[in-house]
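Notes follow the structure.
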Amino acid sequence: MVAVTTRTPLIAGNWKMNLDHLQAVAFVQKLHWALKDAKHEFDAVDVSVFPPFTDIRSVQTLIDADKIPFGLGAQDLSAHDSGAYTGEISGAFLKRLDVAQVIIGHSERREYHSESDELVAAKVKAALKHGLVPVVCVGETAEDLEKHGASAVPVGQLEVALDGVASTAEIVVAYEPVWAIGSGQAATPDQAQEVCATLRDVVRAKLGDDAAARTRILYGGSVKAANIASFMRQPDVDGALVGGASLLVDEFAAIIRFQKHVGV
Ligand code: PEP
């Protein structure tokens, strides 16, 4: 029997290489105030921000001191624990800074840093080893879409990423069609639902029914306040990984408050 679980929506802001530590602190304060002013129910939607590494300590200090109910994330981690890996950041270091989640396998890392499916899988294991929740990004390019349809590439990427992962592990999956990232051309809600449902089947096949029922699967790619509601109406879309729009306080606050315009 398939377990029934209510999945708390997750809205995650990937800032990429934007906002220095001073700008990041100001942004988090403004976002928190905007949500408080709007009387946002913080328990209803999980919010995470993924600043650049150099901002993490400052953002951690702020959210800790002001009890801001945002999750803190990192945009990448090393597959290694420590050692002679110049420029790399260990999951152990992130954990010491109260980082809770880490993006792994973003298409920009796959493309500009040649990250393979195997490296992504090693990073997923490193994150779990250090008590971090991996946000595993998968998605097809426009060429993949043309040649193989929408699901084949993300399914293959997720299958490798979940190899050897325990069925009890907490993971988040982000379906991000590469052609939709930063292009202003989001997938349709139906396309997102279809692929997210297929990815949930992968989680089921690899980790079992309970994991499939509780794992949050996000859509990412040109999400904005105007389209978030249509994605959140889909049964297998549990939230969004937001790039550009997560850098605009009012826009990101409106995305987080999708329940006010989703009709639930
Ligand atoms: C991303 O890069 O993860 C992303 C979804 O970007 P954007 O929202 O800008 O398309």
Side-chain angles (χ1 to χ4, degrees), residues 9-19 23-24 27 31 45-53 55-56 70-77 99-115 120 123-124 127 132-142 144-145 150 153-154 157-158 161 171-189 191-193 195-196 199 216-232 234 236-258:
L10 170 62
I11 303 293
N14 173 15
W15 294 352
K16 311 191 184 191
M17 198 170 71
N18 293 292
L19 306 183
Q23 294 167 320
F27 184 94
L31 180 64
V45 180
D46 288 342
V47 178
S48 295
V49 291
F50 294 76
F53 287 127
D55 300 0
I56 287 177
F70 296 169
L72 182 56
Q75 297 175 18
D76 186 33
L77 87 171
V99 167
Q101 299 170 344
V102 57
I103 293 172
I104 298 176
H106 191 280
S107 61
E108 288 152 15
R109 304 260 354 144
R110 292 180 190 262
E111 183 181 352
Y112 305 137
H113 301 270
S114 306
E115 292 201 1
V120 168
K123 289 185 173 191
V124 168
L132 303 166
V133 175
V135 178
V136 184
C137 297
V138 296
E140 81 288 359
T141 63
D144 296 331
L145 180 66
V153 167
Q157 290 172 334
L158 188 59
I171 55 156
V172 172
V173 176
Y175 167 53
E176 297 208 303
V178 180
W179 48 269
I181 293 179
S183 68
Q185 191 204 336
T188 66
Q191 284 169 329
Q193 165 58 24
V195 181
C196 289
L199 294 173
R216 291 183 288 190
I217 303 184
L218 315 182
Y219 167 74
S222 296
V223 167
K224 44 191 184 224
N227 62 20
I228 182 67
S230 60
F231 290 111
M232 296 308 295
Q234 307 306 315
D236 286 291
V237 177
D238 305 313
L241 182 55
V242 186
S246 74
L247 296 166
L248 306 169
V249 171
D250 292 340
E251 183 76 7
F252 196 42
I255 291 171
I256 291 165
R257 287 171 48 69
F258 71 88

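Atoms within each ligand, like the ligands themselves, are counted from 1 in listed order. These values consider heavy atoms only, across backbone and side chains, with no hydrogens, waters or symmetry-generated copies.
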So what's ligand 1 close to, N/O to N/O, under 3.5 Å?
| residue | atom | partner | partner atom | Å |
| --- | --- | --- | --- | --- |
| ligand 1 | 2 (O) | Lys16 | NZ | 2.4 |
| ligand 1 | 2 (O) | His106 | NE2 | 2.8 |
| ligand 1 | 3 (O) | His106 | NE2 | 2.9 |
| ligand 1 | 3 (O) | Glu176 | OE1 | 3.1 |
| ligand 1 | 3 (O) | Glu176 | OE2 | 2.7 |
| ligand 1 | 8 (O) | Gly243 | N | 2.8 |
| ligand 1 | 9 (O) | Gly244 | N | 2.8 |
| ligand 1 | 10 (O) | Gly182 | N | 2.7 |
| ligand 1 | 10 (O) | Ser222 | N | 2.7 |

*asked:* Determine whether a donor-acceptor pair (N or O, by modelled atom type, separation under 3.5 Å) exists between the side chain of Ser48 and the backbone of Ala12.
replied: no
*What closest approach, in Å, do Leu19 and Asp55 show between heavy atoms, and which atom pair accounts for it?*
O-OD2, 2.7 Å
*Contacts of type side-chain hydrogen bond (donor to acceptor under 3.5 Å, both in side chains), residue Lys16, not counting sequence neighbours*: Glu108
_Under 3.5 Å donor-acceptor, Glu140 side chain and Pro154 backbone_ = no
*Backbone N or O of Leu77 within a donor-acceptor pair of the Lys123 side chain at under 3.5 Å?*
yes
*Please work out which of the three classes, parallel, tilted or perpendicular, describes the rings of Phe231 and Tyr219, given edges at 30° and 60°.*
parallel
